[in-house]
Protein chains: 2
Amino acid sequence: MVSPFETDLKWETLLKYGTRQFVKRKTAIYKQETMGEGFYYLHKGLVKIVTSTFKGKDRLVNIVVPGQIMGLQTMDQQPHFTTAIAVKNAVIYHFSCKQFLETLKVQPELLPLLTQTINQKMRILLTAISMKALTSEEQIARLLLNICEDFKNHEVPLTQQELADCAGLTRITVYKILKVWKESGIIEIKNRTFIVKRPDMLQPPHLTACTTHPV
Amino acid sequence: MVSPFETDLKWETLLKYGTRQFVKRKTAIYKQETMGEGFYYLHKGLVKIVTSTFKGKDRLVNIVVPGQIMGLQTMDQQPHFTTAIAVKNAVIYHFSCKQFLETLKVQPELLPLLTQTINQKMRILLTAISMKALTSEEQIARLLLNICEDFKNHEVPLTQQELADCAGLTRITVYKILKVWKESGIIEIKNRTFIVKRPDMLQPPHLTACTTHPV
DNA sequence: GAAATCATGTTAATTAGTTTACAGATACCA
DNA sequence: TGGTATCTGTAAACTAATTAACATGATTTC
């Protein structure tokens, strides 16, 4: 699931404590089950957070946009329970947990920032769970809307497979739905990126009219 | 989802800062969308954490057993995004966020306790998401195993409907699966509580043999 | 610039799970 | 103690989504 919430947190002020790293597209920043010695701030680029489910199928749980934090799980000396992969070349800052905890002691006003960030992640997960009560069509509609909001423009830099992984559906299902939307002019597909032309048509009340089945 | 993890956190040492409350069965401790001024420690009883999904269907996201914390969302001055309902008469301790943050300033060694607790909740949510990759039969199997582990005995104090709400399935589906398991002696149902007789049979490799469909 | 890899387009068959509907059992309350 | 409410048992029909399979088009990569 993609964050339906704004990022107005101020991690930027802490960048001086972090070490900058450059990450190439398709490279993992951290991997599920491995131990990490800190967390990351995304400065530029785009990162997807995936989790390998029981059957080995990946599930895309979160898309991290610049200004956001990832990998906080290691604050707890626990292995990562997700994998972070750059979908665009990225610039990240790494923070050591130990050092962050030290900083926190002298600057306790940072704590709200931490709890806010964690709560946001928690909400994202909970939203992903709630989404399962919707039809696949509604799920993908909300997904696209959230992504659009995140990117401020209406381009969606995800493949059909990734969209499917977001919602826990198959690529075929996603394809069928997108096809209908393409035909009715809600979205446009040109060289492998979607552009949402009519976000209003993806809003809940409008959706019922669209059926995923041929007449 | 029910916690698959142990609780060896030491919130008990902080009880002196909390105010004790008694909660009757079927009563809400806090409600989704309402503002809360603190979080809760469950001392005795049993509490289910539900979230109202988009279609109004409830989803049971977590079962809180004694020794655990609930309602941490309000640390962030945000409304609760879940509802907590006692399923057994409960004794809880309420902590004011403000006061807890003050305590944290003088006792920074409490921070790991907080991050551990939050991480645990996060893991629970993520597990619930991952479960969707499994068949409904496997989901319910894992659910029962987790619940058994949580309660240290093999009795499951949930209705079929609640099990269904845990997994995001319908009661009929749950019923069908339980029926097969009952017939093959894996579980026993007497006056509305399940007892898991053969937890081993619910382990992944064994499960494939059981079909939910009549021969 | 050719080969290999990856992403999309499309169909048909299958199936798992939902919906609906109702009867019987058990608990609760007052 | 009776009545209401809640929970379980069960069947049949339906449908949405999956699986499987293959063809075409677009990028990487060497």
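Here is how names work: the chains are called A, B, and so on, in the same order as the sequence lines, proteins then strands, and each is numbered from 1.
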Please confirm whether any donor atom in the side chain of A/Lys176 sits under 3.5 Å from an acceptor in the base of C/dT11, or the reverse.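 Absent.
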side-chain contact (heavy atoms from CB on, under 4.5 Å) for B/Gln68 and B/Gln120? Distances and angles first, verdict last. CA-CA 10 Å; B/Gln68 292 181 337; B/Gln120 189 179 307; 3.4 Å; yes
Length of the [atom1]-[atom2] vector between [X] and [N], whole Å:
| X | N | atom1 | atom2 | result |
| --- | --- | --- | --- | --- |
| A/Gln161 | C/dT8 | CD | P | 9 Å |
| A/Asp165 | D/dA17 | CG | P | 17 Å |
| A/Gln160 | C/dT10 | CD | C1' | 11 Å |
| A/Trp181 | C/dG9 | CH2 | P | 14 Å |
| A/Ile177 | D/dA17 | CD1 | P | 7 Å |
| B/Lys179 | D/dA11 | NZ | C1' | 9 Å |
| B/Lys57 | C/dG17 | NZ | C1' | 11 Å |
| B/Lys182 | D/dT10 | NZ | C1' | 11 Å |

Tell me whether B/Lys48 is salt-bridged to B/Glu162, with the criterion being a basic N under 4.0 Å from an acidic carboxylate O.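 Between B/Glu162 and B/Lys48 there is a salt bridge, with a charged N closer than 4.0 Å to a carboxylate O.
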Using a 4.0 Å heavy-atom cut-off across all strands, classify [X] as base, sugar-phosphate, or nothing.
| X | answer |
| --- | --- |
| B/Leu169 | sugar-phosphate |
| A/Thr159 | sugar-phosphate |
| A/Lys26 | nothing |

Whichever of B/Arg25 and B/Arg171 has the more 5' nearest nucleotide on DNA chain C, that residue is B/Arg171
Can the ring centroids of A/Phe39 and A/Tyr30 be said to lie less than 6.0 angstrom from one another? no
Is the distance between the ring centroids of B/Tyr175 and B/Trp181 under 6.0 Å? no
Please state whether the phosphate of D/dA17, meaning OP1 or OP2, lies under 4.0 angstrom from any side-chain nitrogen or oxygen of A/Thr170.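 So the side chain of A/Thr170 is outside the cut-off, no N or O lying under 4.0 Å from OP1 or OP2 of D/dA17.
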Under 3.5 Å, is there a donor-acceptor pair between the side chain of B/Glu138 and the main chain of B/Thr135?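 Judged by distance alone, yes, a pair lies under 3.5 Å.
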Of the listed nucleotides (D/dA16, D/dT19, C/dG17), which one gets closest to any side-chain atom of A/Ser136? D/dA16
